[in-house]
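The structure appears right after this line, and notes come after that.
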There are 2 protein chains.
Amino acid sequence: MAGIKDVAAAAGLSVATVSRALNNHPSVSPDARARVLAAVEALGYRPNAVARSLRTDQTRTIGLVISDVLNPYFTELARFVEEEARTLGYSVIIGNANEEPDLQDHHVRTLLERRIDGLLVSPADGRSPLMVDAAGGRTPMVFVDRWIPGVDVPVVRADGRQAIRDLVAHLHGLGHRRLAIIAGPAATTTGHERVEAFREALREYGLPLPDAYIGQGDFQADSGRRVTEEFLALPEMPDVVFAADNLMALGALDAVRARGLRVPQDIALAAFDDIPWFVHTDPPVTAIAQPVADLARAAVRALVDLIEGRPPQSVTLPARLVVRRSCGETPSTPSPNRSNL
Amino acid sequence: MAGIKDVAAAAGLSVATVSRALNNHPSVSPDARARVLAAVEALGYRPNAVARSLRTDQTRTIGLVISDVLNPYFTELARFVEEEARTLGYSVIIGNANEEPDLQDHHVRTLLERRIDGLLVSPADGRSPLMVDAAGGRTPMVFVDRWIPGVDVPVVRADGRQAIRDLVAHLHGLGHRRLAIIAGPAATTTGHERVEAFREALREYGLPLPDAYIGQGDFQADSGRRVTEEFLALPEMPDVVFAADNLMALGALDAVRARGLRVPQDIALAAFDDIPWFVHTDPPVTAIAQPVADLARAAVRALVDLIEGRPPQSVTLPARLVVRRSCGETPSTPSPNRSNL
DNA sequence: CTGAAAGCGCTTACAG
DNA sequence: CTGAAAGCGCTTACAG
């Protein structure tokens, strides 16, 4: 395969000049530039980014480690991250942790060995020693969505507290009193924060959150199924199940359906994270929507600021409640008719 | 950051020996190996994959260019591709073309410059010159799902012909006679093949497929919306709309709903590509399911065979019809109750 | 079993 | 504006 030397030979110039021409260095004569371009074209030359990276010590690549690609929330996040990164001249390599701590570590290690310029992470496991000392290393790092307390790294995330309070108000207004939650893993911030916000909101209404109404999930559909089955088997079934992510809501829907029950008549359902399909499920699902595109953009910008030596900015954006019909009654404000895709 | 030289110094050995120890070369004494490992640990040494790649001329990375990450079909494909690749010792870099030919080319170019060992592609645009001559280049390449006729590259894909025939039989059995299709871009194989298979199946039942019943979509939700609106505005509205992918089915659902019509009473709906949410939509959507995991695995294996000098294998796997309620009547065989996630 | 040395394909001071 | 040369961090014949 043609290298820069071949181009230089074909153009009758040194490799130094070819390199300059290719990198738009100002001091290259128009004539030289033209000959280089012609030679590149003729030989079908494609610069070797590996060699360039070794020499310049930058890969113009950022790593994105997410907990689960199959979760539409993260898929969307990844899509916007790539878009913003591309705009700023970076590629992104995605590492999918699949909610498995070992797999997360595998990807972090691999990305670090590949010398990515920066790392965007939504930690699947906040206790991973590797992750913690990667944060202490010299590879710039930013947390998105989930983060690790006590680790000094910028965080870009959504705050769902108010939206959860709105949700509880909505549920209370519909007469629901026995509210249950399917939580995410305790080792993740979003895993316990959502429970805490829920508990706090319930307290404002003088409602209890008994242990039996806190199901331990792992953000995957299966756990939503399992926890919901347990809820349904309780002597006093909850009026509402709030799933801390959309996949567990899917599982909950499966479980309710398997029992032959109906939403919301027999049991109500709400989810954290909105997805286009929630408009068309039976019934449409009330959900808390995060400003995913904005989060992705802010996260990339913070990371690139860090990479390029500017002060990065932590960002917290509010999530918002989108009322549909899965908790009862038709919403008075008609919900938008499109699925945002 | 510690390099191999530092490790060598700390271990009191040459870099050559350190390198051998790290690469599990047989001729390294147990003592040397132990000292190397200790030094690596002490210094927190992380091998530089960029340097290694430059030297060995392999990156142990494959590129995956897909048409749209937000399409659950491709998300799932990507997930399984990564899994299989990891098993075989490769990383994968995903390039999301977003159904935009220019973006597809951008990613192909970037991946080639990064010297990935092989390329897995589902072409968003079969006419891209870059793509065609990349196929002729020396980077091993395999097509998944979509391919480019006339280009000599192994293809791993699903054949939906029989499933589409089954679908038409199902529709005909329910008394539907005016069948319409939302097609994908003509520049993609899946874009026109699905239309052809549909047309052929209709012919077997003596049914026409008038031009007015062929809507031109682009595999994105918006186009499904637009085309469906056109169908609904026809003097003679179709009985059924068959969307050539799941995103266009989403758009179709939006459009039907916006018009205040009901599925399947007013108009029936079916989709190519099954997704977990189709179990819970209102109504559950009849769809054609591809064996995604198997396709992903076969594609990676074919590519790695090519990379490692073994003869690759093109593979075609059958898709299958999953009957639910969106075309009318309750299916006699109860559909599975879980959403496969 | 170990080490000295060449070289992968670039970029970039340095000199002219 | 251009070129000769060093060097990025590894791996791998080659010699011992």
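Each chain gets a letter, A, B and so on, in the order the sequences are listed, and its residues count up from 1.
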Taking the side chain as C-beta and beyond, is there a heavy-atom pair between B/Val65 and B/His106 under 4.5 Å?
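Heavy-atom side-chain distance check fails, nothing below 4.5 Å.
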Do B/Val108 and B/Leu119 have side chains that get closer than 4.5 Å, going by heavy atoms?
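When only atoms from C-beta onward are counted, B/Leu119 and B/Val108 do touch, with a gap below 4.5 Å.
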Could you tell me how far C/dG16 sits from C/dT12 if I compare only their C1' atoms? Round to whole Å.
16 Å
Can you tell me, in whole Å, how much space there is between the P of D/dC10 and that of D/dC14?
24 Å
Any side-chain N or O of [X] less than 4.0 Å from the OP1 or OP2 oxygen of [N]?
| X | N | result |
| --- | --- | --- |
| A/Asn23 | C/dT11 | yes |
| A/Thr17 | D/dT2 | no |
| A/Ser14 | D/dG3 | yes |
| B/Ser53 | D/dC10 | no |

Of the options [options], whose atoms approach the side-chain atoms of [X] most closely?
| X | options | answer |
| --- | --- | --- |
| B/Ala16 | C/dG3, C/dC10, D/dC10 | C/dG3 |
| B/Tyr45 | D/dC10, D/dC1, C/dG3 | D/dC10 |
| B/Asn48 | C/dC1, D/dC1, D/dG9 | D/dG9 |

For B/Thr56 and for B/Val15, locate the closest nucleotide of DNA chain C by heavy-atom distance; then report the residue assigned to the nucleotide nearer the 5' terminus.
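It is B/Val15, whose closest nucleotide lies nearer the 5' terminus.
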Mapping B/Pro26 and B/Leu54 to their closest nucleotides on DNA chain C, which lands nearer the 5' end?
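By nearest-heavy-atom nucleotide position, the 5'-most residue is B/Pro26.
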When the distance from [atom1] of [X] to [atom2] of [N] is rounded to whole Å, what number comes out?
| X | N | atom1 | atom2 | answer |
| --- | --- | --- | --- | --- |
| A/Arg114 | D/dC10 | CZ | P | 15 Å |
| B/Asp6 | D/dG9 | CG | C1' | 11 Å |
| A/Glu113 | D/dC10 | CD | C1' | 13 Å |
| B/Asp57 | D/dC10 | CG | C1' | 14 Å |
| A/Arg115 | D/dG9 | CZ | C1' | 9 Å |
| A/Ile4 | D/dA4 | CD1 | P | 14 Å |
| B/Leu22 | D/dC10 | CG | P | 9 Å |
| A/Arg35 | D/dC1 | CZ | P | 14 Å |

So for B/Arg20 and C/dG3, does any side-chain atom that can act as donor or acceptor lie under 3.5 Å from a complementary atom in the base?
yes
Looking at B/Gln58, I want to see if its CD is surrounded by more than 12 non-hydrogen atoms of other residues, nucleotides or ligands under 6.0 Å.
yes
Which nucleotide, in any strand shown, forms a Watson-Crick or G-U wobble pair with D/dA13, with both distances under 3.5 Å?
none
Distance alone, cut at 3.5 Å: any donor-acceptor contact between the side chains of B/Ser53 and B/Arg115?
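No pair is found: no donor N or O on one side chain lies under 3.5 Å from an acceptor on the other.
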Distance only, no hydrogens: is a donor on one side chain within 3.5 Å (strictly under) of an acceptor on the other, for A/Gln313 and A/Asp305?
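No, because no side-chain N or O of A/Gln313 sits under 3.5 Å from a partner of the opposite role on A/Asp305.
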Check: B/Ala124 main-chain N/O paired with B/Gln104 side-chain donor or acceptor under 3.5 Å
yes
Toward the 5' end of DNA chain D, which comes first, A/Arg55 or B/Ser19, by nearest nucleotide?
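Closer to the 5' end of DNA chain D: A/Arg55.
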What nucleic acid atoms does A/Ala32 come within less than 4.0 Å of, heavy atoms only: base, sugar-phosphate, or nothing?
sugar-phosphate
